[in-house]
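Below: the structure, in structure tokens.
Computed from a prediction, not measured in an experiment: that's the story for all the values here.
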Amino acid sequence: MNLPTKARVTRPREGIGTELSPKPLRNSLEPVRAPARPLSLVSPARVQYDTQLSQQDDEHLSRFWYIMRTRTAPMTPRLLSILLLVFVSSARASADPADSTDQEPHPDPNEEDYSGMVYIGRMDENGRRVGFDMDNGIKYIFGTSFDETHKSIAESSLAHAHYGPDVDHDIADRSRGKTREQVLHEQRIGKLDLSQGPKPFGWFEEHPLDGGAVPPRVVRVEPFFIDIAPVTNKDYGKFVRATYYETEAEKFGWSFVLSSFLPNASSLETAEVDPEAEDWVATDKAYWRNPEGPGTSYKYRENHPVVHVSHRDAAEYCKWVGKRLPGEREWEAAARAGHYGPNNRTLFVWGEEQNVSVAKDYANLWGEGSFPWENRAEDGWRGTSPVKSFKSNAFGLYDMTGNVWEWMRGGKHKSRIVRGASYVDSLDGSFNHAATLGARATLHGTTTTGNVGFRCVKSPRRRVEHHWVYENESDSGSQLVLEDADGHRQFSQYNQPQRKIETDDDEFEEEEDYDPTKPRPDERRGRKKVVKPRTLTSDEL
């Protein structure tokens with residue numbers, strides 16, 4: 001705010017300063033307020049803001065007059081006016097409405113739907129989706145289905161977090177003396193068990209049968225949409241024809257094929273195999289169009305899940321359709337389909353029955369024959385099957401167990417995560433993996449095989465949040481680096497020249513009159529309103 005050029009002598013306003021001094025001040029000074037800015041130059045937010053400052057002004061003016069009464073040195077009218085305006089303007093600048101955090105409301109998730117996708121999130125008692133103004137995520141017990149320690153987890157651990165206007169005040173009380181920072185830290189990071197010694201970064205304890213997490217633990221995921229079935233050869237073919245994309249199996253010139261599926265059995269004598277899985281043969285020119293190598297085709301398998309795709313191949317397709325790969329916690333929340341508690345948690349999609357006669361209606365697995373040469377096809381298929389050939393789970397999702405493994409987001413490049421088991425797995429884990437809801441494995445990110453596919457997920461729309469970014473006062477060419485959840489970095493360059501505030505060392509020199517067309521000093525600082533990046537804090541690999 002520019003400084004006024006005149007000051008007049010008057011008595012102090014009633015209630016300001018008089019109660020702080022036993023003797024009234026003679027000929028006390030009160031500065032002349034700067035002329036009001038024209039309404040055409042003031043935003044509605046500023047008008048509303050100015051109407052709410054009278055009470056704050058009275059408080060700061062009262063403090064100012066108290067300082068003046070306790071001062072014994074002479075004070076010129078000019079200097080007094082300057083000090084008063086600086087005192088009040090600094091108080092107003094601290095409550096600048098431009099820095100307020102008022103945001104527009106979140107979009108209603110009930111108005112958002114996508115073809116071929118199912119919404120996974122918290123519902124109210126009327127079956128409607130809970131909005132983002134409340135805790136609308138899902139809590140469930142994540143991990144292997146064979147470890148029964150999940151039965152000791154209390155139902156109260158799955159209760160959703162408290163929400164409402166007083167949430168910031170009663171979190172600590174509800175947590176028995178813990179501070180809010182401690183509670184939020186435990187929610188994000190979890191508790192570390194150091195009884196067995198320190199663990200390296202990314203450590204994951206696996207169960208020997210299904211590869212799931214040991215021990216099971218309570219986790220939370222944000223709401224999301226997920227494809228009802230894996231991506232098919234037909235869908236992937238549209239992507240390749242539209243973008244001329246070349247898969248990594250095509251670039252490398254080979255891919256893994258199950259030994260019993262090779263069209264020429266004599267090639268087994270000279271073929272190279274995976275040292276950790278000798279039943280998988282490195283076959284030249286095998287990729288998604290030729291699933292078993294030259295002489296084979298996907299033409300009669302257009303509705304089968306696409307295979308021979310790497311982690312990057314899957315991620316590129318998801319990006320093309322405006323989606324992404326699911327996190328493994330998101331995937332398991334969708335696979336368990338509401339069976340989240342310690343009392344209703346099941347081993348398989350269909351329940352606890354561990355026999356092929358029941359499983360053949362729900363999943364494409366190997367069956368009772370010996371692997372890899374004897375497949376009796378109890379479920380009707382020796383290899384992959386068309387999507388939606390078996391019964392869905394309670395959420396209407398197909399092939400969450402069996403058919404093909406599915407790539408997950410996250411992990412390390414040398415150990416990318418796949419979930420769901422495939423047609424080569426068993427029920428009890430006697431060979432390969434046990435096809436439970438906790439089935440999990442890791443592969444190198446460039447691995448392509450005939451039993452690994454993927455499906456996509458999509459996050460619901462949320463409001464766009466903004467924040468102010470100020471120019472670096474010492475370097476106008478500074479860079480702001482924003483990194484999203486996928487690791488992509490965006491560089492924002494600030495090369496705008498610094499806006500300098502002209503100051504005069506001589507406080508008694510005459511200054512120009514206040515000009516309402518010019519910005520106030522607190523509005524001259526170089527800043528920019530940018531979209532606030534949404535960061536995810538999780539211990540999920």
Side-chain angles (χ1 to χ4, degrees), residues 229-237 240 246-265 267-268 271-314 317 363-367 369-375 377 379-387 389 399 401-408 416-426 431-433 435 439 441-455:
V231 177
T232 62
N233 286 312
K234 184 178 181 179
D235 297 331
Y236 203 80
V240 171
E246 185 180 18
T247 63
E248 293 192 335
E250 297 174 77
K251 295 178 181 179
F252 297 150
W254 62 274
S255 185
F256 285 115
V257 178
L258 189 63
S259 57
S260 59
F261 285 4
L262 291 175
N264 186 3
S267 61
L268 288 173
E272 296 183 5
V273 298
D274 186 346
E276 297 181 0
E278 297 182 354
D279 298 316
W280 291 93
V281 180
T283 304
D284 293 337
K285 298 182 179 180
Y287 68 110
W288 71 275
R289 291 183 186 271
N290 302 330
E292 287 81 36
T296 62
S297 176
Y298 77 104
K299 285 298 183 180
Y300 295 99
R301 289 179 264 183
E302 290 189 344
N303 290 325
H304 289 230
V306 63
V307 292
H308 297 290
V309 288
S310 66
H311 187 273
R312 178 176 178 270
D313 299 334
Y317 173 88
N364 177 8
L365 302 174
W366 190 263
S370 60
F371 180 83
W373 299 103
E374 183 185 3
N375 190 336
D379 50 26
W381 302 93
R382 292 184 62 246
T384 59
S385 59
V387 298
S389 297
D399 293 333
T401 295
N403 211 359
V404 293
W405 289 95
E406 298 179 13
W407 286 112
M408 298 288 109
R416 295 291 188 182
I417 305 167
V418 291
R419 296 297 303 267
S422 71
Y423 61 86
V424 303
D425 294 303
S426 60
F431 56 88
N432 299 328
H433 282 74
T442 56
L443 300 172
H444 194 282
T446 60
T447 301
T448 57
T449 72
N451 69 330
V452 177
F454 68 98
R455 76 177 73 207

Discussion item. Using side-chain contact (heavy atoms from CB on, under 4.5 Å), reason through S259 and W373 one step at a time and then give a plain yes or no.
Written reply: CA-CA 8 Å; S259 57; W373 299 103; 3.9 Å; yes
Response to the item:
Rounded to the nearest 0.5 angstrom, the OG1-CG distance for T296 and N290 is 5.0 Å
Fill in: With W405, the side-chain contact (heavy atoms from CB on, under 4.5 Å) member among L443, I417, T449, V418
V418
Worksheet entry | 4.5 Å side-chain heavy-atom contact, S426 and W366 | no
Worksheet item: What pair of heavy atoms forms the shortest contact from A439 to R419, and how long is it?
Response: O-NE, 2.7 Å
Item to complete: Could you tell me whether the side chain of F371 reaches within less than 4.5 Å of the side chain of N432, counting heavy atoms only?
Response: yes
Fill in: Any pair counted as salt bridge (Lys or Arg N to Asp or Glu O under 4.0 Å), so long as it reaches residues 287-297, sequence neighbours left out
E292-R301
Worksheet item: Quick one: does N403's side chain get under 4.5 Å of P305's, heavy atoms only?
Response: yes
Worksheet item: Checking H444 side chain against T446 main chain: does a donor-acceptor pair fall under 3.5 Å?
Response: yes
Item to complete: Name all residues meeting the salt bridge (charged side-chain N to carboxylate O under 4.0 Å, His left out) criterion together with E302; count only those two or more places apart in sequence or in a different chain, and write none if there are none.
Response: none
Worksheet entry | N/O donor-acceptor pair under 3.5 Å between T283 side chain and A286 backbone | no
Practice prompt. Mark yes or no for whether H304, through its side chain, and T384, through its backbone, hold a donor-acceptor pair below 3.5 Å.
Written response: yes
Fill in: Side-chain heavy-atom pair L262, V281 within 4.5 angstrom cut-off
yes
Item to complete: Report yes if the side chains of R382 and Y423 come closer than 4.5 Å at any heavy-atom pair, otherwise no.
Response: no
Worksheet item: Is the shortest heavy-atom distance from the side chain of V424 to the side chain of L258 under 4.5 Å?
Response: yes
Item to complete: Evaluate the side-chain proximity of V404 to V307: yes if any heavy-atom separation is below 4.5 Å, no if none is.
Response: yes
Worksheet entry | With D274, the side-chain contact (heavy atoms from CB on, under 4.5 Å) member among E276, E272, E278 | E276
Worksheet item: Residues in salt bridge (charged side-chain N to carboxylate O under 4.0 Å, His left out) with E248, at least two apart?
Response: none
Discussion item. On a heavy-atom basis, which atom in W407 and which in G445 lie closest, and how many Å separate them?
Written reply: CH2-O, 4.4 Å
Discussion item. Applying side-chain contact (heavy atoms from CB on, under 4.5 Å) to V309 and Y236, what does each step give before you reach the verdict?
Written reply: CA-CA 10 Å; V309 288; Y236 203 80; 4.0 Å; yes
Fill in: Spatial distance of atom CZ (F252) from atom OG1 (T447) [nearest 0.5 Å]
9.5 Å
Worksheet, complete the sentence: Rounding to 0.5 Å, atoms CG (D379) and OG (S385) come to a distance of 7.0 Å
Worksheet item: Tell me, do P372 and F261 make a side-chain contact under 4.5 Å, heavy atoms counted?
Response: no
Practice prompt. Go through the structure and list residues passing ring-ring contact (aromatic ring centres under 6.0 Å, His included) with F454, not counting sequence neighbours.
Written response: Y317
Fill in: Residue list, salt bridge (charged side-chain N to carboxylate O under 4.0 Å, His left out) with R455, at least two apart or on another chain
E406
Worksheet item: More than 12 foreign heavy atoms under 6.0 Å from NZ of K299: is that the case here?
Response: no
Item to complete: To the nearest 0.5 angstrom, please state how far the CG atom of D279 sits from the OG atom of S260.
Response: 8.0 Å
Practice prompt. Report yes or no: do H308 and S255 form a side-chain donor-acceptor pair below 3.5 Å?
Written response: yes
Worksheet item: Roughly how far, to the nearest 0.5 Å, is CG of L365 from CH2 of W381?
Response: 15.0 Å
Practice prompt. Answer yes if the ring centres of F256 and W254 are under 6.0 angstrom apart, and no otherwise.
Written response: yes
Practice prompt. Using the test ring-ring contact (aromatic ring centres under 6.0 Å, His included), find all partners of Y298 that sit at least two apart in sequence or belong to another chain.
Written response: W288
Practice prompt. State the CZ-OG1 distance between R312 and T448, to the nearest 0.5 angstrom.
Written response: 13.0 Å
